[in-house]
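Some notes on the structure that comes next.
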There are 2 protein chains.
Amino acid sequence: MLTIGQLAAYAGVTVRAVRHYHQIGLLPEPERDASGYRRYGAAAVVSLIRIRTLANAGVPLSQIGRLLDADAATFAEAVRKIDRDLREEIERLETSREQIAQLTAGDSLALPPEVVSYLDRLREIGTSERVVEGERDGWILVAAGWPDRIHEFMPGKIAQLDDPRVVRLYRVLSDIFDSDVRDDPRLEEAADLMACLAEQAYAYGAINLGEEAYDDLPHDLLDALALEADPRLVRLQDLMRERGWAGWNRMERLPESPA
Amino acid sequence: MLTIGQLAAYAGVTVRAVRHYHQIGLLPEPERDASGYRRYGAAAVVSLIRIRTLANAGVPLSQIGRLLDADAATFAEAVRKIDRDLREEIERLETSREQIAQLTAGDSLALPPEVVSYLDRLREIGTSERVVEGERDGWILVAAGWPDRIHEFMPGKIAQLDDPRVVRLYRVLSDIFDSDVRDDPRLEEAADLMACLAEQAYAYGAINLGEEAYDDLPHDLLDALALEADPRLVRLQDLMRERGWAGWNRMERLPESPA
DNA sequence: GCTTGACCTTGACGCTACGTCAACCCTCCA
DNA sequence: TGGAGGGTTGACGTAGCGTCAAGGTCAAGC
């Protein structure tokens with residue numbers, strides 16, 4: 001007669017595993033000797049080896065019991081199902097591997113490559129890290145909610161960076177938000193630039209077009225994100241309203257009012 | 001301000017997952033409103049999306065916190081390690097798939113193919129299912145403990161089945177163990193056959209040879225297995241001893257005694 | 001003002017396949 | 001006779017949430 005340790009050693013498993021199989025009813029509890037020790041016969045070794053063979057093949061313990069005394073057809077069917085599960089799991093992990101291969105560093109996290117190069121170009125034209133991070137977070141929201149449509153936006157955004165007024169705008173914004181001045185006079189200049197750009201876009205019809213096409217974007221979420229990032233943006237929003245523009249991520253021309 | 005449900009919906013995760021991230025400190029708990037509800041800003045959506053991006057890529061939650069604000073070098077190193085882990089896991093599952101592909105049906109469980117064909121040949125020569133199962137269990141023990149050496153045994157065992165005396169032996173044993181007779185007279189015939197075969201093997205030197213080479217086999221375990229399977233084998237063992245042979249799986253010639 | 005349904009709260013157990021104490025008992029060997 | 005090295009049960013820990021349970025809250029329609 002064998003002790004639990006000897007049984008485990010013969011089958012190449014741990015004592016704990018054997019007790020676990022007892023607990024879940026996979027291996028029947030053997031007789032105890034006078035001192036309460038479990039005592040096993042040679043047949044238990046065979047049972048245990050058969051269990052381990054299936055377990056090593058990736059069969060969940062909950063199914064091994066049924067499988068061990070199933071007919072050939074049932075067995076084959078179960079084996080097919082387990083193989084399917086394994087294939088799916090492997091595919092999930094392969095996908096994970098591809099995903100992490102994309103994650104080289106900070107920016108690329110949750111962002112498609114064209115946005116990453118847009119952010120890089122922002123840095124090149126002298127945009128401060130704070131402002132770039134703000135842009136990044138905004139694009140993360142867009143990329144998460146509208147992964148397909150982001151490809152429509154980016155070419156235009158990247159092209160904008162060739163406009164010297166846009167470059168100037170980002171530099172001014174960088175200066176403003178890198179300082180701690182509460183009512184920065186440079187906010188006026190920024191507002192002027194933005195109004196000017198909005199005017200142009202409106203003339204080209206880009207804004208009306210956008211209004212319809214991008215109606216489902218989470219503009220309020222993007223607005224909230226910006227305002228959370230820096231309260232001075234509230235002031236900038238006011239200045240824009242003075243110039244006849246409302247909204248933040250989506251510009252709207254206000255009805256003319258007696259100023 | 002967003003409720004937890006809205007936050008979760010924006011990021012494409014479950015409410016439970018968000019609460020879990022709070023619990024493990026991955027996502028900071030937000031302020032509560034008057035009624036105790038959690039209220040989130042837009043920045044929380046960005047944080048949550050960044051977390052999910054890493055989690056979807058297979059990064060364990062316990063590491064995501066460190067990773068989100070790590071420098072590029074640390075990040076790259078961590079990504080490499082995670083990729084290694086994923087590769088290992090995939091390889092383990094691939095191995096599992098290969099294993100279950102082998103497990104077509106009953107016998108092949110835990111047995112190499114040559115043993116399976118040996119068992120099939122046993123059936124062909126008219127061996128009963130009970131005896132075949134006994135043989136199978138014995139070979140499972142041998143295959144588990146000495147997976148390499150089993151290739152040394154099998155050719156000889158398969159060749160033995162061409163000997164009409166061996167065929168006769170298995171048929172007699174099948175008859176005996178399929179019946180319920182306690183002191184079956186056919187046990188005598190079985191003993192005669194076994195003694196005869198042992199004598200021949202001894203003459204060819206197969207037994208002495210085996211004695212040294214297979215000294216490390218678990219003969220006592222194999223003996224125990226047989227005796228557990230059917231108590232009538234004890235009687236057969238006695239009969240063999242009368243004929244000058246001891247042991248069961250490994251025969252030994254007894255010293256001649258005045259009988 | 002009341003109901004109803006959808007949403008929020010905390011707390012707790014469940015899942016897989018065991019690993020790892022803790023606290024204690026039993027056996028064997030020098 | 002004592003110590004090493006077995007064995008016993010019981011309980012918690014792992015990863016990442018799912019899924020009740022037992023309530024409190026909110027918004028809408030009557």
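Protein chains get the first letters and strands the later ones, always in sequence-line order, with residue 1 at the start of each. FYI, side chains are in, hydrogens and waters are out, and symmetry mates aren't considered; it's all heavy atoms of this structure. Given the structure is predicted, the values throughout are model-derived calculations rather than measurements.
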Contact interval (first through last nucleotide) of DNA chain C with protein chain A, 4.0 Å heavy-atom: dA17(C) to dT27(C)
Does R130(A) reach the side chain of D230(A), with side-chain heavy atoms less than 4.5 Å apart? yes
Rounded at 0.5 Å granularity, tell me how far CG in N56(A) sits from CD1 in I51(A). 11.5 Å
Among E129(A), E133(A), E135(A), find the residue that satisfies the salt bridge (charged side-chain N to carboxylate O under 4.0 Å, His left out) test when tested with R123(A). E129(A)
Rounded distance (nearest 0.5 Å) linking atom CG of L27(B) with atom CG of L61(B): 11.5 Å
Near DNA chain D, under 4.0 Å by heavy atom, which residues of residues 55-67 of chain B? P60(B), L61(B)
Going 5' to 3' on DNA chain D, which nucleotide is the first and which the last to come under 4.0 Å of a heavy atom in chain B? dG16(D) to dC26(D)
For DNA chain C, determine which residues of residues 7-21 of chain A have any heavy atom closer than 4.0 angstrom to one of its atoms, and list them numerically. T14(A), R16(A), A17(A), H20(A), Y21(A)
Under 4.5 Å between any side-chain heavy atoms of M154(A) and W139(A), yes or no? yes
Test item: Y21(B) and I64(B) side chains (from C-beta on) under 4.5 Å apart, heavy atoms: no
Consider side-chain contact (heavy atoms from CB on, under 4.5 Å). Of R92(A), R97(A), E89(A), E91(A), which one does I90(B) pass it with? R97(A)
Would L225(B) and L221(B) count as a side chain to side chain contact (heavy atoms under 4.5 Å, CB included) here? Give the steps. CA-CA 6 Å; L225(B) 183 66; L221(B) 195 63; over 6 Å; no
Between M1(B) and Y37(B), is there a side-chain heavy-atom distance shorter than 4.5 Å? no
Provide the closest heavy-atom pair for G41(B) versus L2(B) in the form atom of the first, atom of the second, distance. O-CD1, 4.2 Å
Does anything in residues 22-38 of chain B reach DNA chain D, meaning a heavy atom under 4.0 Å, and if so which residues? S35(B), Y37(B)
Are V116(A) and L119(A) close enough that some pair of their side-chain heavy atoms sits under 4.5 Å apart? no
Under-4.0 Å salt bridge between D83(B) and R80(B): no
Go through the steps for V131(A) and L122(A) under the test side chain to side chain contact (heavy atoms under 4.5 Å, CB included), then give the verdict. CA-CA 9 Å; V131(A) 174; L122(A) 277 183; 5.9 Å; no
With heavy-atom distances below 4.5 Å as the criterion, would you say the side chains of R50(A) and L54(A) are in contact? no
Are the side chain of E114(A) and the backbone N or O of H151(A) linked by a donor-acceptor pair below 3.5 Å? no
R38(B), H22(B), Q23(B) screened by side chain to side chain donor-acceptor pair (under 3.5 Å) with E29(B), the one that passes: R38(B)
Looking at five pairs on each end of the helix from dG1(C)-dC30(D) to dA30(C)-dT1(D), what is the angle between the two axes, given to 10 degrees? 30°
Which is it for L233(A) and F177(A) under the side chain to side chain contact (heavy atoms under 4.5 Å, CB included) test, yes or no, and what are the steps along the way? CA-CA 9 Å; L233(A) 285 168; F177(A) 296 115; 3.5 Å; yes
